[in-house]
Every structure is written in structure tokens, then in C-alpha cells.
Engineer: 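Below you'll find the structure I mean.
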Protein chains: 2
Amino acid sequence: MPTIKDIAKQLGVSVSTVSRALNNHPDIREETKQEVLEAMKRFNYTPNAVARSLIQRKSNTVGLMIPDITDPFFSAMAHDVEEVLSENGYQVVYVNTSRRPDKEKRFLTSVMERKMDGIIVTPDFLDEEAIELLQRLDIPVVFLRRRPPAGLGMPFVDVNHYEGTCNAMDYLFSLGHRRIGFIGMPRYSFTGQERYRGYVDSLNRQGIEPDSKAISWNGRTIECGYKAMGRLLQDAPDMTAVFAANDLLGIGALEYSARHHIAVPGRISVIGFDNLEMTNLHWIKLSTVAQPRKEMGRQAAELLLQMMQSNQRTADSIILDTELIIRSTCSPVNGPDDNKE
Amino acid sequence: MPTIKDIAKQLGVSVSTVSRALNNHPDIREETKQEVLEAMKRFNYTPNAVARSLIQRKSNTVGLMIPDITDPFFSAMAHDVEEVLSENGYQVVYVNTSRRPDKEKRFLTSVMERKMDGIIVTPDFLDEEAIELLQRLDIPVVFLRRRPPAGLGMPFVDVNHYEGTCNAMDYLFSLGHRRIGFIGMPRYSFTGQERYRGYVDSLNRQGIEPDSKAISWNGRTIECGYKAMGRLLQDAPDMTAVFAANDLLGIGALEYSARHHIAVPGRISVIGFDNLEMTNLHWIKLSTVAQPRKEMGRQAAELLLQMMQSNQRTADSIILDTELIIRSTCSPVNGPDDNKE
DNA sequence: CTGAAAGCGCTTACAG
DNA sequence: CTGAAAGCGCTTACAG
């Protein structure tokens, strides 16, 4: 591989001149520049970005740390993150943490050693050590779908889980429902907590006491939703609707109902959260709350870009709105279906 | 950020010594080494991987070029690629080409400039320019789900689309089907072509003439499958089964049938390809052909690792087997359901 | 076992 | 407009 030196030698000019042509610096005669450029082409010269990074203290790479690229949410975000960043000359190195604390830390260390210019992170564990690493990095970082620890002053971009849930609940209220069950994901999940908060507050605002027998914490899968629906129907038989904290759980609830000949939305209404593609399947048509997932990736990347350009460590966070998607799994209490009985 | 030089100065030793401690080179006294390591900790020293890459001519990064991380296939592969590579000390920079030739080339150029150690690629366009770039790279490259142009000698890893299709067809034959329709993705798609080949050859082996009225080329979506099913049912009404070249198409066929009260598998059997998660949904239960998608990513990464270690440009390709997944959308011709009529 | 020196491939003041 | 020189932060023969 020829270097800048080889080109210089061939042309009998100095490396400075070659460098100036390469970076189209103004201090070079147009003719000289053309000659150099031509020679570069002739010798198949490719600039060495590593050498350039070393001296410029800028690697033009950003890190993306997510729990699992296999999750449609994160892959959608990763897609847009890459798109806007690569358009701006950055390469993105990504890592799946698999929600393992050691891998999160390993990544942060790597960010430091590789001299990355900025990172977008969705951490699940932030102990003191990780927080300290994050600070020592001294580069722009934006949190995606997570809140940064107070005091770090780093921005985040996320959806308004709380409000999205309130909207879903209000929709259910507008249909006349009062006894509404909750099928949640694991208790420790951040998004799960936010959605639960929305559920409880909505109930309270209607003067309804949350009923612990109508609340179930589970995993995140269809099977979990299936089982939870069974339990809830038994423990709180007066329930007329169910809010599932994510679509997989909601689909599980639907499946339980289908297998046990429980009419949805006749006997019970079901609403989900996420708007996964499959919720729009002909057999499902789950009403749910949509999140602008691609938008999120784009916003995070643009925010980071802005911080890198202005060399700032802090910025305003971005909270995106959700959208209520009404399909076929909710109906009024005592509605047409009920009358048929 | 302290450098090796700062540490050396603090301790009154040479930079060589510090470097030796860092790389635990044998030529250093244990005590000295400990002192240095301790000082590094004290001053929060982090080695600069960029400088190291420059001098070692090894960046410890590999590139992953895929069409779209949002496609469950590629995200599954990307997951495992990252897992095995990061375990071996490599960082992976990924790019979505969005099936755009310019982005493919831009990536290849970047690989060259960034001095990546190896790449895994799923190209959709390989013109002469791209091929030349690929050769000039002079690093290990493995193709994923694509065949390298002959003469390059580069290995690929993929699933046996042809055989998977033959297995599905044989299953249909075993159920007594003879008039079998084909719903394909776009004609130019590599995987689509392979599966079509399997379809036609299977038919021929049974002495059945492929019927152009029972063959439909489409897009890749559920909606495409829906429309195709309508057309096929009209043009080839004697058809008793349909092979859909991917699951989305198969689901669309199922949806058309459901809406038009066409019994599946009673009136017509449907089989797909891919084994997407949603095909196992209670309402769908599509029989299909499974591909070991995570396995594919792992194999590609391990193959690349091996090539990088042995510094080879060539290796044996890996063709993975598919698995026939029998669920509920296929039944014998003149089977129980038919008798009910 | 330790250190001085050269060098990886660039960029960037500084002089002219 | 051009060139000589220093330097980015390391590693690696080479001498001792």
C-alpha cells in the first residue's frame, strides 16, 4: 500500500504538499493539487484513517450500545442511527450487551481505548464503576430509552411511556370500562415501571382503587401473557378490560381468550403497547399504543451529532409522543356484543 | 489523558519498560512490572488503541455489511457475529447498505482506509469496480447468504435453499399433492431463484410439468402473498397446495383464504419458508422450512476468525441444512377435511 | 532485564 | 505556494 511519502517521492514534492492536496487545503496551487490527485489515483493510494485519527484525535467512529439487536425495537433504532451517522462520515461500532453488566463495562473501556467520538447507550446496569467510566470518557453520550443518572447532565431520547399508557387507559374509560386488569413485564424493567405508573395514576384519577388481584407481573413473552390472562380472569372475574404492558403479553392474552372461547372484545377488551408488526395481522388486530421507533434512532443520532460538533457534554432531552392505534380488540362495556348474550 | 510517556516519567523508567509491562512481555522484572501496572492504575492510564493499531497494522475491528438490520434474518446474524467476534477482542462496525450500490462501495472504501482486519458481507450489487475493491482490500472476507463471484476464491456461508425447498415439496408429494402452486418473491432475488429451482426440479422429478398459471412472482410482503393467492386460485383452480417462497407470502396466502372462507388445509394446503416467529402464532401455525439463522452468523464469524488468524484469503464454504417444520396448514389430498364436504 | 532510537502514516505550525 | 521538522502514542529491534 503506497503512503503519502511514496506519492511525494514519485512527484518530487514534499509530503506536506501531498497532504494539502489530499485535504484540499487552500494553500496549494491548483495545478500541483491536480498532479498529486492524479498520482494518487495512478498508484491506488488510499489514505490511512488510523494515522489520521491518531494525530487529529478524532476517530470518526461512534459506539452504539444496546441490549439486543434482535429485538425489533433496537434494530429499528440501530438502522436509523447508522443511517444518519454514516451520512455524516462516521462509522458505527455496535455491541449487544445481552443485559450483562460485564459486557457494558467492557464496551465503555473499549470506547475509551479506541478514542471514539461519541456514544449512544441503552444500559441496564449502571453501578458506580460504570458511572465513573462514563464520566471519564469525556465525550458526548446520549441515552436511548433509558434515563441517565442524575448529575451526569447527559441527555436522553425516549418515548413517553407514561402518557402513552394514560391515553390507552382513557380510551378504555371512554368505552365505559372501570374494572381494568394490568399485565406487566418484569417488575425491574424501566419501561414496565413507567407504564405501571400510568396505569395506577389513570385509575386514581377516575377515583378507582387499583385492585391487586387484577395486577400481574410477568416476563415479556406471549406465553407469559397467556398465563397471566388465565390467572387474572380467575382472580378478578369482574374485569371487563385488560391493559397489557407490551404487545407480546397482549397477544398471549388474546390467545388464551381464543382457546377458552372467551369473546374479545365481547366479554373482555384487550389493549397492548408497542405496535409490533404482527399486531396488525388479520387474526389479531390488537389495539395498541405505537411508538416512533425509527424516529427515536434518528433523533438520538442527530442529537449526538450536534453535541459532537459543538463539543458539548450536555443537551436537552427529547421525549417523543406515542400514538393510540385503535383496531378490533376493544369495545364498549354493555356494547352490542354483550347484548347478544 | 496520561500517556505511556507520562507513566515512564513518573517512575523514572523508559517508555520501553512501560510498554513491556503493558503487554506483559517476558523481558521485564516482575517487580518493575508491578510498579508500572500500579502507576497506570493510579493515573487512570488507558492505552491508546489507535496508536497501537497504527504501528501493529492491526485494528482489531471487522466490518459487517448487510442490507438491513431491521430484517429479522440479518439482525439474528448480526447478533451472533458480534457475540463471537467481541469475545475474541474484535469490535464490529456495521453498515446497512439498504441495497444501494453506492453505499456498498462506500463501505468497502472505508474498510480499506480504516484498515479493518476482515469483513463479512451480504452484497446485492457486485459490479467490476466493487469486485476490484474487494480484491485490493487484501484481507479475509466471508460472504453471508450470497455467493462470491467465481475466481475470487472467497468462502460463503448460507443455508441450502434448494434442498430446503425440495424437502417441502417432497412433504407435499407425500400428502398426495400433484397440483402445487408457487408464490415467489421478486425474480431477481438470489434466494428466490434458488427456491424456485427447487420447486421446478422437484416437480420434474415427479414427472409433473410446471404450470405457468400456477406460478406467481411478487414482492416479499404479506400483502403480496394475499394478492398472489387470489390470482393463483383463479388461474389454476385445480391447485391443491401452494409453496410460498417465504413466510410473509405464506401468511398473506393464509389471510386471503381466511377472508374468502377457503379452508386451509381442507381445500388447499400452504407451506412457507423461513420459520419466522409469527408463523407459530396460535391463529397461523404455518408449516414451513426453518433456517438456522443464528447459527449462520456464528459460523461466518468463526470462519472469518480462523482466516484472520491463519492469514488466509480462502477457505471452504459452509452450507447449513434447513429443517422442515410441520404445523397445521398442510393435509392429505382427499383427507378427512375433504370428506366432510 | 533495561533504555535509546527509529518508525507506523499522517497533520500542522513555522519559515521561507 | 512549498518544504523541513516536530509530533500524535505507541512497539520493536538493537545494544548494553
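Every heavy atom of this structure was used, including side-chain atoms; hydrogens, water molecules and symmetry mates were not. Proteins get letters first, then strands, A, B, ... in listed order; numbering begins at 1 in each.
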Engineer: Which whole-number value in Å describes the distance from A:Glu31 CD to D:dT2 P?
Structural biologist: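 After rounding, the gap between these two atoms is 9 Å.
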
Engineer: Quick one: A:Lys115 NZ to D:dG9 P, roughly how many Å, whole number?
Structural biologist: 8 Å

Engineer: Which part of the nucleic acid, if any, lies within contact of B:Asn48, taking any heavy atom under 4.0 Å across all strands shown: a base, the sugar-phosphate backbone alone, or nothing?
Structural biologist: sugar-phosphate

Engineer: More than 12 non-hydrogen atoms from neighbouring residues, nucleotides or ligands closer than 6.0 Å to NZ on A:Lys58, yes or no?
Structural biologist: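 Atom NZ in A:Lys58 is packed in, count exceeds 12.
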
Engineer: Return the pairing partner of D:dA4 with a 3.5 Å limit on both distances, Watson-Crick or G-U wobble; otherwise return none.
Structural biologist: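 Across any shown strand, D:dA4 pairs with none.
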
Engineer: Any idea which of C:dA13, D:dT11, C:dC1 is nearest the B:Thr32 side chain?
Structural biologist: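 Closest nucleotide to the B:Thr32 side chain: C:dC1.
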
Engineer: Can you work out whether B:Leu54 or B:Gly12 has the more 5'-proximal nearest nucleotide on DNA chain C?
Structural biologist: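 In this pair, the answer is B:Gly12.
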
Engineer: Could you check whether A:Thr3 gets within reach of a base, just the sugar-phosphate, or nothing at all, counting any heavy atom under 4.0 Å?
Structural biologist: sugar-phosphate

Engineer: How about B:Lys5: does its NZ atom have over 12 heavy atoms from other parts shown lying under 6.0 Å from it?
Structural biologist: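 At most 12 heavy atoms, drawn from other residues, nucleotides or ligands, come within 6.0 Å of this atom.
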
Engineer: Is B:Arg52 near enough to D:dT11 that one of its side-chain N or O atoms lies under 4.0 angstrom from OP1 or OP2?
Structural biologist: yes

Engineer: Please confirm whether the backbone N or O of A:Glu104 pairs with a side-chain atom of A:Thr97, one donor and one acceptor, at under 3.5 Å?
Structural biologist: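 Side chain of A:Thr97 to backbone of A:Glu104, a donor-acceptor pair under 3.5 Å: no, none is there.
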
Engineer: When we call it a touch if two heavy atoms are under 4.0 Å apart, what does B:Ser53 touch: a base, just sugar-phosphate, or nothing?
Structural biologist: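 The residue B:Ser53 makes no contact with any strand.
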
Engineer: So does A:Ser19 get a side-chain nitrogen or oxygen closer than 4.0 Å to the phosphate oxygens (OP1/OP2) of C:dC10?
Structural biologist: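 For C:dC10, OP1/OP2 do not have a side-chain N/O of A:Ser19 under 4.0 Å.
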
Engineer: Quickly work out the B:Lys33 NZ to C:dT2 C1' distance and round it to whole Å.
Structural biologist: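 After rounding, the gap between these two atoms is 15 Å.
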
Engineer: For C:dT2, does OP1 or OP2 lie under 4.0 Å from any side-chain N or O of B:Ser14?
Structural biologist: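 The answer is no; no side-chain N or O of B:Ser14 sits under 4.0 Å from OP1 or OP2.
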
Engineer: Could you check whether A:Val13 gets within reach of a base, just the sugar-phosphate, or nothing at all, counting any heavy atom under 4.0 Å?
Structural biologist: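 Touches sugar-phosphate only.
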
Engineer: Would you mind reading off the distance between B:Ile7 atom CD1 and D:dT11 atom P, rounded to a whole angstrom?
Structural biologist: 13 Å

Engineer: Side chain of A:Thr17 only, heavy atoms from C-beta on: which candidate in D:dG3, D:dC10, C:dT2 is closest?
Structural biologist: D:dG3

Engineer: Strictly below 4.0 Å, N to O, side chains only: are B:Lys294 and B:Glu83 in salt-bridge contact?
Structural biologist: no

Engineer: Give the rounded distance in Å between these two atoms: CD1 of A:Ile28 and C1' of C:dT11.
Structural biologist: 14 Å

Engineer: Are there over 12 heavy-atom neighbours, none belonging to A:Asp316, within less than 6.0 Å of that residue's CG?
Structural biologist: no

Engineer: B:Arg114 CZ to C:dC8 P: how many Å, rounded?
Structural biologist: 22 Å

Engineer: From the set D:dG9, C:dT2, D:dC10, return the single nucleotide nearest to any side-chain atom of B:Asp27.
Structural biologist: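 Shortest atom-to-atom distance from the side chain points to C:dT2.
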
Engineer: Paired with C:dA13 by Watson-Crick or G-U wobble geometry, both distances under 3.5 Å: which nucleotide is it?
Structural biologist: none

Engineer: Given A:Ile139, which of A:Asn311, A:Leu134, A:Ile119 fulfils the side chain to side chain contact (heavy atoms under 4.5 Å, CB included) condition?
Structural biologist: A:Ile119

Engineer: B:Arg20 has a side chain; which of D:dA13, C:dC14, D:dC10 sits nearest to it?
Structural biologist: D:dA13

Engineer: For B:His25 and D:dC10, what is the distance between atoms NE2 and C1' respectively, to the nearest whole Å?
Structural biologist: 15 Å

Engineer: Is any side-chain N or O of A:Arg57 under 3.5 Å from a base N or O of D:dG9, one able to act as donor and the other as acceptor?
Structural biologist: no

Engineer: Round to the nearest Å and state the distance from A:Met40 atom CE to C:dG9 atom C1'.
Structural biologist: 12 Å

Engineer: Name the closest nucleotide to the B:Arg29 side chain, picking from D:dT12, C:dC1, D:dG9.
Structural biologist: C:dC1

Engineer: Select one nucleotide: of C:dC10, D:dC1, D:dC10, the one nearest the side-chain heavy atoms of B:Tyr45.
Structural biologist: D:dC10

